[in-house]
Amino acid sequence: MTARRPDIPPPLANLLAGVGRAFTGDADAIEDVVTDDVVWIDDDDRCDGVDEVVGHFLAHGGWREVFEVRAVEATDDEHWTVDWILWLRADSTSYRRDGRADVVLADDRIASWTATATEREDGSLAAWDGD
């Protein structure tokens, strides 16, 4: 995650850091933050179980991406709403996905992640410090 992030309580902060590592190329990091029987829905892409989620990140993660959490809100002890941005780099420009995930925790891990996002061109390289 980038330097700009809200105050996120543990264990959610550690879990979202693992999600961020998975988005930025360490697909195996997701194994440490989800339950074995996790349900991961990213728009129309649904993964059932940790192995499918790792496969999802192997296929889609790490293309010079930067994951940034913008806001979190608890709906109860185990249910959270997470607003996030995923910055994606394409040569000398960028685009981004602005998303919201409904996250359910179980045993201090993510048991369910249901996200929707809107993708748009951005053009800013600020997420990569202008590089």
Side-chain angles (χ1 to χ4, degrees):
M1 286 186 285
T2 63
R4 183 187 169 187
R5 66 179 189 207
D7 187 25
I8 306 170
L12 187 61
N14 294 334
L15 299 175
L16 293 176
V19 171
R21 287 190 307 276
F23 272 119
T24 58
D26 182 5
D28 292 333
I30 203 70
E31 288 181 292
D32 296 332
V33 298
V34 300
T35 61
D36 289 342
D37 59 349
V38 64
V39 175
W40 190 279
I41 300 171
D42 186 5
D43 285 320
D44 293 332
D45 193 8
R46 179 186 172 115
C47 303
D48 292 300
V50 66
D51 292 338
E52 286 187 15
V53 175
V54 170
H56 169 78
F57 281 101
L58 284 170
H60 298 290
W63 300 321
R64 298 187 74 187
E65 298 174 359
V66 175
F67 179 73
E68 179 180 337
V69 174
R70 298 311 287 269
V72 297
E73 181 180 343
T75 55
D76 65 34
D77 288 345
E78 295 179 347
H79 295 81
W80 293 84
T81 300
V82 177
D83 291 330
W84 51 268
I85 295 175
L86 182 63
W87 300 89
L88 300 115
R89 181 86 179 254
D91 297 323
S92 62
T93 190
S94 71
Y95 58 103
R96 65 190 246 189
R97 294 182 71 211
D98 296 332
R100 172 169 277 188
D102 293 319
V103 180
V104 179
L105 304 183
D107 299 321
D108 292 334
R109 289 180 179 245
I110 298 171
S112 174
W113 173 283
T114 304
T116 58
T118 302
E119 193 169 292
R120 64 185 180 90
E121 288 188 38
D122 185 86
S124 169
L125 300 180
W128 298 270
D129 296 324
D131 175 30

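Counting from 1, the numbers follow the sequence of the chain as shown. Note that these values count all heavy atoms, side chains included, but never hydrogens, waters or copies made by symmetry.
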Nearest 0.5 Å, what's the [atom1]-[atom2] distance between [X] and [Y]?
X: Trp80; Y: Glu73; atom1: CH2; atom2: CD; value: 9.5 Å
X: Ser112; Y: Glu78; atom1: OG; atom2: CD; value: 12.0 Å
X: His56; Y: Ile30; atom1: NE2; atom2: CD1; value: 8.5 Å

List the residues meeting side-chain hydrogen bond (donor to acceptor under 3.5 Å, both in side chains) with Asp77, not counting sequence neighbours, and say none if there are none.
none

Taking side-chain hydrogen bond (donor to acceptor under 3.5 Å, both in side chains) as the definition, give me every residue that meets it alongside Asp48, ordered by chain and number, with sequence neighbours left out.
Arg46

Report all side-chain donor-acceptor pairs from residues 100-109 shorter than 3.5 Å, counting only partners two or more places apart or in another chain.
residue	atom	partner	partner atom	Å
Arg100	NE	Asp83	OD1	2.6
Arg100	NH2	Asp83	OD1	3.1
Arg100	NH2	Asp83	OD2	3.0
Arg109	NH1	Glu31	O	3.1
Arg109	NH1	Asp32	O	3.3
Arg109	NH1	Val34	O	3.2

For a quick test of reading the model, state the closest non-hydrogen atom pair linking Val66 to Ala127 and the distance between them.
CG2-O, 3.8 Å

Within the structure provided, determine whether [X] and [Y] are in side-chain contact (heavy-atom separation under 4.5 Å).
X: Asn14; Y: Val33; value: no
X: Trp113; Y: Cys47; value: no
X: Trp84; Y: Val19; value: no

Using a 3.5 Å cut-off and no angle test, enumerate the donor-acceptor pairs between side-chain atoms of residues 36-43 and protein atoms at least two apart in sequence or in another chain.
residue	atom	partner	partner atom	Å
Asp37	OD1	Thr35	OG1	3.1
Asp42	OD1	Arg97	NH2	3.1
Asp42	OD2	Arg97	NH1	3.4
Asp43	OD1	Ala117	N	3.1
Asp43	OD2	Arg97	NH2	2.9

Parallel, tilted or perpendicular, judged at 30° and 60°: which one describes the rings of Phe23 and Phe57?
perpendicular

Applying side-chain contact (heavy atoms from CB on, under 4.5 Å), can you list everything that pairs with Asp98, at least two apart in sequence or on another chain?
Ile85, Arg96, Arg120

